[in-house]
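Step one of this worksheet: look at the structure below.
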Amino acid sequence: MRLNHRALFVACVLSGLMLSAAGCRAGRRVTPGADPMLSVRTLIDAPEDFARRRVGSDDYSIPPYAKFLKGVRICLNPGHGGDAHKRGFKRGPTGVREAEINLRVAKYLREFLVVAGAEVLLTREDDIELSYEERAAIAADWNADLFLSLHHNAIDNKPQANYTTVWYHGDVDYRPSNLDLARYLCEGLLDGLRVPTITDVPLKSDLLMYEQGFAVLRHAKMTAALTESSFYTNPAEEQRLRDPAYNLREAYALFLALAKYALAGLPRAALVEPADAVIRGGATRLVFELDDGLRSRKAWGHERTMILRDSIAVRIDGERVAHRFDDDGERYTLVVNVPAGLAVGEHAVEVQFQNLNKNSVLNPHFEFLVE
Ligand SMILES: [Zn+2]
């Protein structure tokens with residue numbers, strides 16, 4: 001439908017353009033995209049195979065230790081999306097959208113991870129809106145080992161600000177493996193992006209921002225962290241973040257970080273007795289088999305204990321309980337005494353430990369039923 005001049009003039013004003021009335025009268029086409037604060041596709045265009053053609057090249061080589069990512073299930077969550085119609089929302093000074101940066105970095109990161117053998121799921125492939133709960137549920141339903149939310153930072157009235165932060169949920173003890181993931185990611189970003197300034201403690205609790213923390217991290221059921229790699233409100237950084245080569249550099253930094261995290265071993269626990277997690281008939285113990293994330297590699301010295309004994313802590317319903325730890329050179333066994341008189345019903349048990357690289361167990365939380 002053709003707009004008459006009057007309607008066109010109104011459209012000019014509504015879209016917030018500084019076009020003169022003369023411009024309107026000249027019949028200049030006005031679309032919502034003409035307002036940089038409402039525009040989409042705000043990044044420098046890159047061919048579809050931009051990352052794929054570079055992954056594995058000299059500048060973006062796959063290090064041998066990346067093989068330890070094989071089979072690790074990593075859910076990448078590009079922050080925001082579907083929000084271009086909110087004028088100026090999560091945009092840099094010239095209108096570059098954070099949602100687009102996050103998505104491109106996630107897609108490039110996937111290219112690296114897949115080559116290394118990791119299994120990867122993105123919470124969104126397109127410019128769509130998802131709630132925080134939906135994002136966390138996508139990761140949980142897919143049974144992700146790691147959940148990584150990718151963001152870039154913003155601050156009002158402080159265009160000079162530009163530094164890297166990585167965020168974990170809650171207090172430091174909430175889930176120790178979150179700190180491992182966050183620490184590796186942070187070191188990777190500091191080395192890879194070399195953003196010119198630094199905040200002196202770049203690992204941050206999300207409780208600093210909100211009373212309940214970030215919803216996406218609070219709802220995460222697995223090891224999770226959130227990166228704020230740099231500030232798109234910094235004019236120079238905004239321009240770098242439009243550039244596919246810089247997005248690839250960030251993705252590579254995150255990839256190397258995840259590979260080093262995997263190299264250090266991703267410990268896990270499994271409840272083996274009672275196998276159905278039901279305590280009945282006067283039974284008094286739970287038995288876990290621990291995996292240090294390293295022994296199965298059968299490297300020289302793998303029979304030696306690679307779990308730090310003093311790092312082992314077991315809690316039932318939040319209270320520390322006694323345990324016995326055994327290592328026969330093949331298997332680690334953790335026997336937990338269930339306190340007498342535990343009420344009939346559901347109970348939570350948390351098993352914490354670290355391997356020799358001080359990586360904490362990925363899955364410390366279990367439930368059992370007392371009949
Ligand atoms: Zn964000």
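When a ligand or atom number is given, it counts from 1 through the structure's own listing order. The structure presented is a predicted model; accordingly, all values stated were derived computationally and were not measured.
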Okay, side chain of R73, backbone of W142: is any donor-acceptor separation there less than 3.5 Å?
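It does hold such a pair.
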Using a 3.5 Å distance criterion without hydrogens, assess whether the side chain of N363 forms a donor-acceptor pair with backbone atoms of A269.
yes
Flag if over 12 foreign heavy atoms under 6.0 Å of CZ, R53
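For R53, atom CZ is crowded (more than 12 foreign heavy atoms under 6.0 Å).
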Kindly confirm whether the Zn ion (ligand 1) is within less than 2.8 Å of some N/O/S atom in H152?
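Coordinating: no.
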Aromatic F68 / basic R297 pairing, under 6.0 angstrom, 45° off normal:
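Judged by the rule, R297 and F68 form a cation-pi pair.
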If I consider every N, O or S atom in E98, which one ends up closest to the Zn ion (ligand 1)? I only need its name.
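In E98, the heteroatom (N, O or S) nearest the Zn ion (ligand 1) is OE2.
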Suppose we only allow N, O or S atoms; which atom of H151 ends up nearest to the Zn ion (ligand 1)?
ND1
